[in-house]
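For reference, the structure is listed below as structure tokens.
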Number of protein chains: 2
Amino acid sequence: MPREARYRAIARELGRRIESGELPPGERLPTEDALAERFGVHRLTARQAMVELRKAGLVETRHGLGSFVRRAPRRIEVSIDPITRRHRQADLEGLATTFAGGEEILGRGFAEHPASARHLGVPGSEVYEITTLLRSGGAPCVLNRYRLHPGQADLVYDPRLGVLGSLEAGGTAYRYTWHAISADLADLVDQAVLAVDAGAAVLVREGLVMHGDEPLCHVERRCRGDLISFVTRYD
Amino acid sequence: MPREARYRAIARELGRRIESGELPPGERLPTEDALAERFGVHRLTARQAMVELRKAGLVETRHGLGSFVRRAPRRIEVSIDPITRRHRQADLEGLATTFAGGEEILGRGFAEHPASARHLGVPGSEVYEITTLLRSGGAPCVLNRYRLHPGQADLVYDPRLGVLGSLEAGGTAYRYTWHAISADLADLVDQAVLAVDAGAAVLVREGLVMHGDEPLCHVERRCRGDLISFVTRYD
DNA sequence: AAGTGGTCTAGACCACTCC
DNA sequence: GAGTGGTCTAGACCACTTC
């Protein structure tokens, strides 16, 4: 058994103090130089320990200022009704407030996406993609990708209603046939659009929207993992 | 505008080649020494670029072997039945195969957990915690934390049935009253138990289990984000 | 034994924030 | 200007994998 790396031991020690509450949220950690001296290592080794703590989400670093124990932001709870397969009616008002401003459209056009084309039963891999963004209090929260059957390319889009609401307003009733939820790491687009670091956790909810028996739209919602959670209440 | 860091430029260049398919999944990347020479930087700078690519999930590094373009593993789909609030009956067999071996118990005992105590309506913060692990094909997949009402400390545990199954076998019927799903980064325990790196994505599903009108158990399931997804089928 | 990534030291200079 | 984190070079030795 190789001995534990110095920087890991330092990270563990600091992590322990954070989780025990000895270093409370918001508290400033010692500087990298101070840690290096205290533990008798080079600054880069102390720095590596801070990298570990950042990766674990325990610490947040600001250039020129220092590192601070991270305050966990309260997550926005997005409700899911198990029966209607949509948000609960009672929660729609709250959601409208949380995501005031509606779906900001980032782009629309034909795109190659083999997986979505397969879900939609479209020959080839071309789908019609609309990309939108939801913000809460100005902060980007959810990146939506609607991959539509190419026949829907002429959709008239109303940002207040969103893509699915616009479909419905145009007379195309819809329902979900399945949903899948998974956790990913932020890719390069997520990083730019959601304003997160490389390696941030992203909560992904995708689903297939039907119109009658016809697949209509493959939806992928990429949500900031630190801000969003999906909640189902059965009572 | 400060110029882009050298290591970021290198990471971007390699990332572009991976995403374009020029470097296909499984392909081995140049060694750190080779990259350093090619880009005219010190090995640590080239290495830092690899760190970025690992954070973005594009690359996987094996000590003594090299770095490889990551093949996305196929996710295990864990079904959720929106009506019964449990796994679908039809899928139980598949799940039993996927997670053959049942719930391996990692520990049990009284523990301080204020949030769970609040959910359970227990005065103070002490709950009875059972920690278990699910493996699929030997690989650790899901870390379960069952935080029980202290009155359940005498639970007779059968690993084939799991904690909730054992409760039910003991005559304590249960149902979920809510579920919440979120995405986290691996904490230090996750890293050790689930055998993932710091900064890995973890899919967390928690819920509150009731027995009649009494809160019975606060369940937290921490799943490897790269291996698990939750699927709800409505048809 | 050879080749690879993992850790660590030493020292330098740059960029950001605050006073 | 002083103090902080961010980037980079130079060089060393260790640990893991393959042959």
Side-chain angles (χ1 to χ4, degrees), chain A residues 1-15 18 23 26-70 191 195-200, chain B residues 1-15 18 23 26-70 188 191-192 195-200:
Chain A
M1 198 61 180
R3 80 177 198 298
E4 183 181 34
R6 240 12 218 106
Y7 75 89
R8 272 186 202 282
I10 297 171
R12 228 169 16 83
E13 164 65 12
L14 293 173
I18 290 170
L23 292 169
E27 182 89 350
R28 190 177 140 175
L29 273 71
T31 68
E32 295 178 352
D33 281 325
L35 286 173
E37 189 175 9
R38 163 119 62 97
F39 288 98
V41 296
H42 189 263
R43 182 184 145 211
L44 276 192
T45 303
R47 182 177 170 73
Q48 184 70 2
M50 302 305 286
V51 170
E52 291 295 296
L53 292 173
R54 276 199 293 275
K55 281 204 286 191
L58 289 175
V59 152
E60 194 172 9
T61 300
R62 275 183 290 169
H63 191 174
L65 267 176
S67 290
F68 303 81
V69 178
R70 195 145 165 261
Q191 288 170 39
V196 294
D197 290 334
Chain B
M1 198 59 179
R3 79 176 199 299
E4 184 181 35
R6 224 44 200 95
Y7 75 89
R8 272 185 203 282
I10 296 170
R12 229 171 11 89
E13 164 66 13
L14 293 173
I18 290 170
L23 293 169
E27 181 90 350
R28 188 177 141 175
L29 273 71
T31 68
E32 295 179 352
D33 280 327
L35 285 173
E37 188 174 11
R38 164 118 63 95
F39 288 98
V41 295
H42 188 264
R43 182 185 146 211
L44 276 192
T45 304
R47 180 176 171 73
Q48 183 72 359
M50 303 304 286
V51 170
E52 291 295 296
L53 292 173
R54 277 199 293 274
K55 279 205 289 192
L58 290 174
V59 152
E60 194 170 11
T61 300
R62 275 183 289 169
H63 191 176
L65 266 175
S67 290
F68 303 82
V69 179
R70 193 145 166 262
L188 298 172
Q191 288 169 40
V196 294
D197 290 333

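Heavy-atom basis, side chains included; hydrogens, waters and symmetry copies ignored. Order of the sequence lines sets the chain letters (A, B, ...), proteins ahead of strands, with each chain counted from 1.
Within 4.0 Å (heavy atoms only), Arg47(B) reaches at least one base atom of the nucleic acid.
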N/O-N/O pairs, protein side and nucleotides 1-3 of chain D side, under 3.5 Å:
unit_1, atom_1, unit_2, atom_2, d
dG3(D), N2, Gly64(A), O, 3.2

Interface polar pairs with nucleotides 11-13 of chain C, N/O, under 3.5 angstrom:
unit_1, atom_1, unit_2, atom_2, d
dG11(C), N7, His42(A), NE2, 3.3

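Both Leu29(A) and Tyr7(B) lie near DNA chain D, and the one whose nearest nucleotide falls closer to the 5' end is Leu29(A).
With sequence neighbours left out, the side chain to side chain contact (heavy atoms under 4.5 Å, CB included) criterion links Asp197(B) to no other residue. Checked against salt bridge (charged side-chain N to carboxylate O under 4.0 Å, His left out), Arg47(A) has the following partners two or more places apart in sequence or in another chain: Glu32(A). His63(A) is linked by a side chain to side chain contact (heavy atoms under 4.5 Å, CB included) to nothing, counting only residues two or more places apart in sequence or in another chain. Every residue meeting the side chain to side chain contact (heavy atoms under 4.5 Å, CB included) condition with Ala5(B), not counting sequence neighbours, appears here in chain and number order: Tyr7(B), Arg8(B). With sequence neighbours excluded, the residues satisfying salt bridge (charged side-chain N to carboxylate O under 4.0 Å, His left out) with Glu13(A) are Arg16(A), Arg17(A). Arg12(A) pairs by the salt bridge (charged side-chain N to carboxylate O under 4.0 Å, His left out) definition with Glu4(A), not counting sequence neighbours. The side chain to side chain contact (heavy atoms under 4.5 Å, CB included) check on Glu37(B) picks up nothing, with sequence neighbours excluded.
Arg62(B) has its CZ atom 16 Å from the C1' atom of dG3(C), to the nearest Å. The CZ-P distance, from Arg6(B) to dC14(C), rounds to 17 Å in whole Å. For Glu32(B) and dT7(C), the CD to P distance is 11 Å, given to the nearest whole Å.
Overall bending of the helix from dA1(C)-dT18(D) to dC18(C)-dG1(D), expressed as the angle between end axes built from five pairs apiece, is 20° (10° steps).
To the nearest 0.5 Å, the span separating CG on Leu35(B) from CE on Met50(B) amounts to 6.0 Å.
Within the structure, the salt bridge (charged side-chain N to carboxylate O under 4.0 Å, His left out) test picks out the following pairs touching residues 53-68 of chain A (sequence neighbours left out): Glu52(A)-Lys55(A).
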